[in-house]
Amino acid sequence: MYTFRALSRTIGREYTKISTPIYQFSRASFVAASQRTDACTLNRWHPLYQSRRTLILEPLGSEYVKLQKLDGSDSGIVEVALDRHTNKNSIDTKMMRGLKYVLELIHQESSANVAIFTSSVPGVYCAGADLKERKTFSASEVREYSKALRATFSYLESLPIPTIAVVEGAALGGGLELALACDFRICGEDALLALPETGHAIIPGAGGTRRLPRLINKAIAKELVLTGRRIGGREAESLGLANYCVPAGEAYSKALEVARVINSKGPISIKAGKRAIEEGLLVSNAEEAADLEEECYEMTLNTKDRLEGLAAFVDKRKPNYKGQ
């Protein structure tokens, strides 16, 4: 955890620039932060920064992770895009730092209700760790990298809002572990998922051996980890690893559909529901589990949104939730 804290401090010092407002560009058109030189890019707490509703935020020195806030009727949905084209989104140290930085921004953004994790690289979600970089590491550096990546994915898993992984193409090793740290996985039929680490004489070290058997049959999880067998989107869905498998190229559309449904619900209730499930699974005592559920329910009780939901039901109209 010392390494993780040190990494967080490094992120805070190094990555503070932002790009131009996203509404000037298409969804696939991203502009690097380093191309901006105006004063407000030097401080992400600048008033002009705070007033922009829809931005792409990118760590200085890394073009690999982009954050976009959707607007209009989709306000409340944020999108994280992996964008390391030349290396198939393999996760090197810079990309890991960029991902952690973006996760911290999402955690700080009170208006975010759901996050979509996708790839802007055609045919690949994430190829896992950057083995070319890994080859240059000493054993101790490999250990520290693995600890930091494990902590980053745990931070993703602990986000209070729902997260959706959009898997088109390959999600291998750390790429699959990234998807496993999300709440939902939506695959295209062309998805290829595997934990091939035993073929490199190691094991999945960023949560794969913990999260996979909690999602699917233990024996199947052992098979996938110990053999490194690759599975497609349809098999992932049948195993319960993926929530949905859709025709190739349509996973993002399905994820956005799911995100919009979640975004229409009461934000406080969504966070309370996620917490009740996640923490409830860690409690073995039935009485303690009931107490946790009651505590999470209490989070929603004295809220304006609860009263708005009742009023909207009586008035037969769509509720206008504000997360209050």
Under 4.0 Å between a side-chain nitrogen and a carboxylate oxygen: does that hold for Arg134 and Asp92? no

Cluster question for you: counting only ILVMFWY and a side-chain heavy-atom cut-off of under 4.5 Å, with indirect links fine, are Leu103 and Tyr101 together? yes

Would Arg260 and Glu257 pass as an ion pair if we require N to O under 4.0 Å? no

Salt-bridge contact Arg150-Glu177 (side-chain N to carboxylate O under 4.0 Å): no

With side-chain contact (heavy atoms from CB on, under 4.5 Å) as the test, would you mind laying out the steps for Val166 and Ile186 before giving the verdict? CA-CA 5 Å; Val166 179; Ile186 298 177; 5.5 Å; no

Shortest non-hydrogen contact between Ala276 and Leu292, atoms and distance: O-CD2, 3.9 Å

Ignoring hydrogens, what is the shortest heavy-atom contact between Ala272 and Thr300? Give both atom names and the distance. CB-CG2, 4.0 Å

With a 4.5 Å cut-off on side-chain heavy atoms, are Ser111 and Lys69 touching? yes

Verify the neighbour count for atom OH of Tyr297: are there more than 12 heavy atoms of other residues, nucleotides or ligands below 6.0 Å? no

Please give me the minimum heavy-atom distance between Leu193 and Ala236, naming the atom from each residue. CD1-CB, 4.2 Å

May I ask whether Leu149 and Leu159 are part of the same hydrophobic cluster, defined by side-chain heavy atoms of I, L, V, M, F, W, Y residues being less than 4.5 angstrom apart, directly or through others? yes

Do Leu195 and Leu176 come close enough that some side-chain heavy atom pair is under 4.5 Å? yes

Side chains of Arg185 and Tyr244, heavy atoms from C-beta outward: is any pair under 4.5 Å? no

Charged N to carboxylate O below 4.0 Å: is that the case for Lys274 and Asp183? yes

Worked verdict on Phe153 versus Leu178 for side-chain contact (heavy atoms from CB on, under 4.5 Å): CA-CA 6 Å; Phe153 289 171; Leu178 170 62; 3.7 Å; yes

Report yes or no: do Tyr252 and Glu79 form a side-chain donor-acceptor pair below 3.5 Å? yes

Validation row: Thr93, Glu133 side chains within 4.5 angstrom (heavy atoms): yes

Non-hydrogen atoms of Ala194 and Gly228 that approach each other most closely: CB-O, 3.9 Å

What pair of heavy atoms forms the shortest contact from Met95 to Val65, and how long is it? O-CG2, 3.8 Å

At what distance, to the nearest 0.5 angstrom, does NE2 of His85 lie from OG of Ser120? 4.0 Å

State whether the side chain of Ser158 and the backbone N or O of Tyr155 hold a donor-acceptor pair below 3.5 Å, judged by distance alone. yes

Joint hydrophobic cluster, Phe184 plus Ile216, side-chain heavy atoms closer than 4.5 Å: no

Rounded to the nearest 0.5 Å, what's the gap from CD1 on Ile91 to CZ on Arg97? Could you check? 14.5 Å

Can you sort out the partners of His200 under side chain to side chain donor-acceptor pair (under 3.5 Å), two or more places apart, ordered by chain and number? none

Which is it for Leu156 and Phe117 under the side-chain contact (heavy atoms from CB on, under 4.5 Å) test, yes or no, and what are the steps along the way? CA-CA 11 Å; Leu156 165 59; Phe117 288 76; 3.4 Å; yes

Using only atom types and a distance under 3.5 Å, with no angle test, would you say the side chain of Asp83 pairs donor to acceptor with the backbone of Val121? no

Side chain to side chain donor-acceptor pair (under 3.5 Å) partners of residues 188-198, not counting sequence neighbours, each pair once: Glu189-Arg234

Indicate if Val124 and Leu82 have the same hydrophobic cluster label, given that clusters are the connected sets of ILVMFWY residues with side-chain heavy-atom separations under 4.5 angstrom. no

CG (Leu172) and OG (Ser90) are apart, to the nearest 0.5 Å, by 11.0 Å

Is there a continuous path of hydrophobic side-chain contacts, each under 4.5 Å between heavy atoms, that joins Tyr321 to Ile161? no

Got Arg143 and Ser146 here, is their nearest side-chain heavy-atom distance under 4.5 Å? no

Side chain Glu237, main chain Cys187, donor-acceptor under 3.5 Å: no

In Å, rounded to the nearest 0.5 Å, how long is the span from NZ of Lys222 to CG of Leu224? 13.0 Å

Gln324 and Thr303: side-chain donor and acceptor closer than 3.5 Å? no

Ignoring hydrogens and geometry, is there a side-chain-to-backbone donor-acceptor pair from Glu168 to Ala251 under 3.5 Å? yes

Output for pair (Asp130 CG, Tyr64 OH), nearest 0.5 Å, gives 8.5 Å

Would you sort out whether Asp291 and Glu287 count as a side-chain contact (heavy atoms from CB on, under 4.5 Å), showing the intermediate values? CA-CA 6 Å; Asp291 289 342; Glu287 185 176 345; 4.2 Å; yes

Heavy-atom check, side chain of Leu180 versus side chain of Leu241, under 4.5 Å: yes

Could you list the donor-acceptor pairs under 3.5 angstrom formed between side-chain atoms of residues 307-314 and any protein atom two or more places apart in sequence or on another chain?
unit_1, atom_1, unit_2, atom_2, d
Glu308, OE1, Arg317, NH2, 3.3
Glu308, OE2, Arg317, NH1, 2.6
Glu308, OE2, Arg317, NH2, 3.4
Glu308, OE2, Asn320, N, 2.9

Here the pair of heavy atoms bringing Ile116 nearest to Ala259 is CD1-CB, 3.9 Å

Asn302 side chain near Glu298 side chain, heavy-atom distance below 4.5 Å: yes

Any non-hydrogen side-chain atom of Arg84 less than 4.5 Å from a side-chain atom of Lys94? no

To the nearest 0.5 Å, what is the distance between CD1 on Ile77 and CG on Asn263? 4.5 Å

Residues, nucleotides or ligands: over 12 heavy atoms within 6.0 Å of Arg210 CZ: yes

